[in-house]
Amino acid sequence: MSNAPNVQTSQREGQSQNMPQSASQVDREKIYQWITELTNGETRENALLELSKKREVVPDLATMLWNSFGAVAALLQEIITVYPTINPPTLSAHQSNRVCNALALLQCVASHQETRSAFLAANIPLFLYPFLHTTSTSKTRPFEYLRLTSLGVIGALVKTDEQQVINFLLTTEIIPLCLRIMESGSELSKTVATFILQKILLDETGLNYICQTYDRFSHVAMILGKMVISLSKEQSARLLKHVIRCYLRLSDNPRAREALRQCLPDQLKDNTFALCLKDDKSTKSWLTQLLKNLEQQTQT
């Protein structure tokens with residue numbers, strides 16, 4: 001562990017001078033202890049729980065985990081251990097909670113500027129993709145929690161708006177996985193998956209990738225269209241917001257804009273969502289701009 005000796009040394013020096021140990025020093029000692037306990041199968045479950053509670057309040061937890069011998073390997077082992085429960089779907093609530101604690105720590109690593117590049121270089125997001133495949137096999141709460149936490153790791157990556165993240169994701173199957181969840185996941189999973197697609201589209205490389213072939217564009221447009229129809233029956237302002245933002249970004253591409261003139265759902269052109277968007281000025285503005293973009297194309 002990269003910094004543990006320094007912490008221990010300063011602790012001994014403080015004790016030798018009869019100075020009380022600071023609360024932060026005690027906390028760091030506990031953090032290093034739990035990280036060490038990750039590598040022991042008997043103590044790992046409690047260590048996962050305790051560390052996941054601390055991830056919001058220990059700014060350098062990501063670097064501590066990444067640079068500690070065996071810590072990331074232990075997190076990946078937790079993930080791999082539940083693969084056999086995917087098909088047939090036998091994942092228990094206890095198993096789901098445990099692996100989600102491991103995923104929460106990986107999200108911490110994915111979010112941190114100093115560990116993100118190494119996280120991607122090690123292809124760690126690929127270990128999560130089997131969980132995103134489970135939409136059609138199980139709707140139970142343990143699986144939903146697992147999907148949502150896995151999406152959270154990818155969501156943390158795309159929030160950074162870094163080119164290397166988009167480049168990495170475009171070389172994987174994340175777009176079809178997100179589209180599958182957008183079509184048949186829970187409302188919350190759909191929202192996170194649509195947010196991930198939105199962030200990919202907002203990148204110029206991502207937009208060009210999706211609009212490069214008719215098959216890619218039509219698959220995205222078809223799923224977005226299904227979502228609009230579904231939302232017209234059971235409205236969700238936060239999900240609709242991301243759907244409209246995806247449409248607006250697609251309209252920035254000339255070929256996609258031309259196609260959207262033919263396939264944009266009528267529900268976005270009438271007052272179907274007027275009540276839903278009443279207090280959401282930004283989404284109303286996006287929808288107005290989307291329709292304006294399509295009208296401009298009609299006149300040219």
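For clarity, every value in this text was computed on a predicted model and none was experimentally measured. FYI, the numbering just counts along the sequence from 1.
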Original post:
Is any NZ, NE, NH1 or NH2 atom of the basic residue among Lys30 and Asp27 found under 4.0 Å from an Asp or Glu carboxylate oxygen of the other?
Top reply: no
Subject >> Closest heavy-atom pair and its distance - Glu78, Ala102 >> reply: CB-CB, 3.9 Å
**OP:** Identify whether the distance between the nearest side-chain nitrogen and carboxylate oxygen of Arg147 and Glu144 falls below 4.0 Å.
**Re:** yes
Subject >> Asn271, CG: over 12 other non-hydrogen atoms inside 6.0 angstrom >> reply: no
Subject >> Contacts of type ring-ring contact (aromatic ring centres under 6.0 Å, His included), residue Phe195, not counting sequence neighbours >> reply: His242
Subject >> Heavy-atom closest pair, residues Leu231 and Ser236 >> reply: CD2-N, 3.6 Å
**OP:** Quick one: do Gln212 and Asn208 satisfy side-chain hydrogen bond (donor to acceptor under 3.5 Å, both in side chains)? Show the steps, please.
**Re:** CA-CA 6 Å; Gln212 188 174 20; Asn208 290 337; over 6 Å; no
Original post:
What pairs with Tyr83 under ring-ring contact (aromatic ring centres under 6.0 Å, His included), at least two apart in sequence or on another chain?
Top reply: Phe131
**OP:** For Ser138 and Thr140, work out which heavy atoms get closest and say how close.
**Re:** OG-OG1, 3.0 Å
**OP:** Nearest 0.5 Å please: distance from the CG atom of Leu128 over to the CD1 atom of Ile79.
**Re:** 5.0 Å
**OP:** Could you tell me which non-hydrogen atom of Leu287 sits nearest to which non-hydrogen atom of Ile244, and how far apart they are?
**Re:** N-CG2, 3.8 Å
**OP:** Take Asp215 and Thr213 through the test side-chain hydrogen bond (donor to acceptor under 3.5 Å, both in side chains) and record every step on the way to the result.
**Re:** CA-CA 5 Å; Asp215 285 346; Thr213 69; 5.6 Å; no
Original post:
Which distance, rounded to the nearest 0.5 Å, do you find between the CD1 of Ile210 and the CD1 of Ile175?
Top reply: 4.0 Å
Subject >> Donor-acceptor contact present, side-chain Ser232 to main-chain Ile229, <3.5 Å >> reply: yes
Original post:
In Å, rounded to the nearest 0.5 Å, how long is the span from CD1 of Ile166 to OG1 of Thr205?
Top reply: 8.0 Å
Original post:
So, the side chain of Arg55 versus the backbone of Cys108: is there a donor-acceptor pair under 3.5 Å, distance only?
Top reply: no
**OP:** Give a yes or no on whether Leu202 and Leu157 share a hydrophobic cluster (residues Ile, Leu, Val, Met, Phe, Trp, Tyr; joining criterion: side-chain heavy atoms under 4.5 Å apart).
**Re:** no
Original post:
Roughly how far, to the nearest 0.5 Å, is the NZ atom of Lys241 from the SG atom of Cys276?
Top reply: 11.5 Å
**OP:** Determine the minimum heavy-atom distance between Val109 and Thr115, stating which atoms define it.
**Re:** O-OG1, 2.7 Å
Original post:
Rounded to the nearest 0.5 Å, how far does CG of Leu290 lie from CZ of Arg245?
Top reply: 10.0 Å
Original post:
Less than 4.0 Å between a side-chain N and a carboxylate O, is that true for Lys199 and Glu162?
Top reply: no
Original post:
More than 12 non-hydrogen atoms from neighbouring residues, nucleotides or ligands closer than 6.0 Å to CZ on Arg141, yes or no?
Top reply: no
Subject >> Closest non-hydrogen atom pair, Ala256 against Leu250 >> reply: CB-O, 3.2 Å
Original post:
Taking atom NZ of Lys159 as the centre, does the number of heavy atoms from other residues, nucleotides or ligands within less than 6.0 Å exceed 12?
Top reply: no
**OP:** Assess whether atom NZ of Lys284 is packed by more than 12 heavy atoms of other residues, nucleotides or ligands within 6.0 Å.
**Re:** yes
Original post:
Do Asn293 and Asp252 have side-chain heavy atoms sitting under 4.5 Å apart?
Top reply: yes
**OP:** Verify the distance criterion only: is there a donor paired with an acceptor across the side chains of Gln33 and Glu37 at less than 3.5 Å?
**Re:** yes
